[in-house]
Amino acid sequence: MIMNAEGLIEGVFSIERMAKIGTGTTARRVKQTALYYAREDEDGMINLQGLNNKHVPFGEVEQVSKDTLLSDYLPMPQLFKEVIGNLRMVQKSVARGDKFRKRGESFTAEYEYANALNLDEQNVRANFGIGLCLLERDEEEKAKKVFDRIIKIDSAFQDDHKHLFNEYGIALRKKKLSGQAVDYYKRALELSDTDENLWFNLARAQFDRQDWARCGEAVSKCLELNPKHPEGMKMLAYLTKKGLV
């Protein structure tokens, strides 16, 4: 076990669990060892993330008490340096990818995102980054395959990723792919249906499709959440003036 600079627990731990393998008459239960990256938060709870086969934290975070960690899990200090090194490599590759993408260097950005995915194939930011690079180069079919991969990643649906869905939807709409943009905004709203900007952007995509009824529904939801949303007010006024809603 290692304490970080804030004096909180941070390290790699293992636990043995029984797992069923096989089916029917060949089924049997065996012991399996699971590895976790553990980090204590300011409230004294332990955040656990599983490690993939390349020893990188991935997937959803679960919480346990400090007592549960110390009683049920075995510290693995020999792995900590490797795990932290890999985690930082992923983070740096994603950050470089973001930097190059914002500079319009999509091929270089895609290379950096791919480096991150080589260690952590479920990294949400890297997957979205590659999708955005592909859209920038008008490779829509490849971009759609990337998004189809993202929606199978459970951690993609955490609240702090909703802005990535939003950004991806805007990129689709700019490419005149309003149908796909609608699908993606709906998926983002599954994360947070109380974000007025997501509802407005869904209304914009429906507007582009000339689906006036659903456009009106989305912009009305936007204004329910924020009655003074300026773009939402303008859109509803336009729809009402034209008799579209």
Is any side-chain heavy atom of [X] less than 4.5 Å from a side-chain heavy atom of [Y]?
X      : Y      : value
Val146 : Lys142 : no
Asn226 : Lys228 : yes
Asn123 : Phe58  : no
Arg39  : Leu8   : no
Arg125 : Phe128 : no
Pro57  : Leu51  : yes
Tyr37  : Ile84  : yes
Glu121 : Lys54  : no

Closest non-hydrogen atom pair between [X] and [Y], with its separation:
X      : Y      : value
Leu69  : Ala38  : CD1-CB, 4.2 Å
Tyr73  : Pro75  : O-CD, 3.8 Å
Ala203 : Val219 : CB-N, 3.7 Å
Lys221 : Asp193 : CE-O, 4.2 Å
Cys222 : His229 : SG-CG, 3.6 Å
Val90  : Val56  : CG2-CG1, 4.2 Å

Looking at [Y], is its backbone amide N or carbonyl O close enough to the side chain of [X] to form a donor-acceptor pair, meaning the two atoms are under 3.5 Å apart?
X      : Y      : value
Asn52  : Leu119 : yes
Gln49  : Gly59  : yes
Asn118 : Ala114 : no

To the nearest 0.5 Å, how far apart are [atom1] in [X] and [atom2] in [Y]?
X      : Y      : atom1 : atom2 : answer
His55  : Lys81  : NE2   : NZ    : 16.0 Å
Asp98  : Ser93  : CG    : OG    : 11.0 Å
Met76  : Tyr36  : CE    : OH    : 13.5 Å
Asn115 : Asp120 : CG    : CG    : 13.0 Å
Leu87  : Lys92  : CG    : NZ    : 11.0 Å
Leu198 : Leu189 : CG    : CG    : 5.0 Å

Pi-cation contact, Tyr184 with Arg173 (under 6.0 Å, within 45°): no
Where do Leu239 and Phe207 land on the side chain to side chain contact (heavy atoms under 4.5 Å, CB included) test, with the steps shown first? CA-CA 10 Å; Leu239 293 172; Phe207 187 96; 4.1 Å; yes
Run the side chain to side chain contact (heavy atoms under 4.5 Å, CB included) check on Glu140 and Leu135 step by step: do they pass? CA-CA 6 Å; Glu140 289 92 353; Leu135 281 177; 4.2 Å; yes
Step through the shown structure and confirm whether more than 12 heavy atoms of other residues, nucleotides or ligands are within 6.0 Å of CD on Gln78. yes
Would you say CZ of Arg96 has more than 12 non-hydrogen atoms from neighbouring residues, nucleotides or ligands within 6.0 angstrom? yes
Salt bridge between [X] and [Y], side-chain N to carboxylate O under 4.0 Å?
X      : Y      : answer
Glu190 : Arg187 : yes
Lys144 : Asp148 : yes
Glu110 : Arg137 : yes
Glu112 : Arg103 : no

[X], [Y]: one ILVMFWY side-chain cluster at the under-4.5 Å cut-off?
X      : Y      : result
Leu202 : Trp212 : no
Ile150 : Tyr113 : yes
Tyr185 : Leu177 : no
Tyr111 : Phe100 : no
Val61  : Ile153 : no

Side chain to side chain contact (heavy atoms under 4.5 Å, CB included) partners of Asp43, counting only residues at least two apart: Asp41
How far apart are the C-alpha atoms of Glu224 and Trp199, what are their side-chain angles, what is the distance that settles it, and do they pass the side chain to side chain contact (heavy atoms under 4.5 Å, CB included) test? CA-CA 10 Å; Glu224 281 179 24; Trp199 282 108; over 6 Å; no
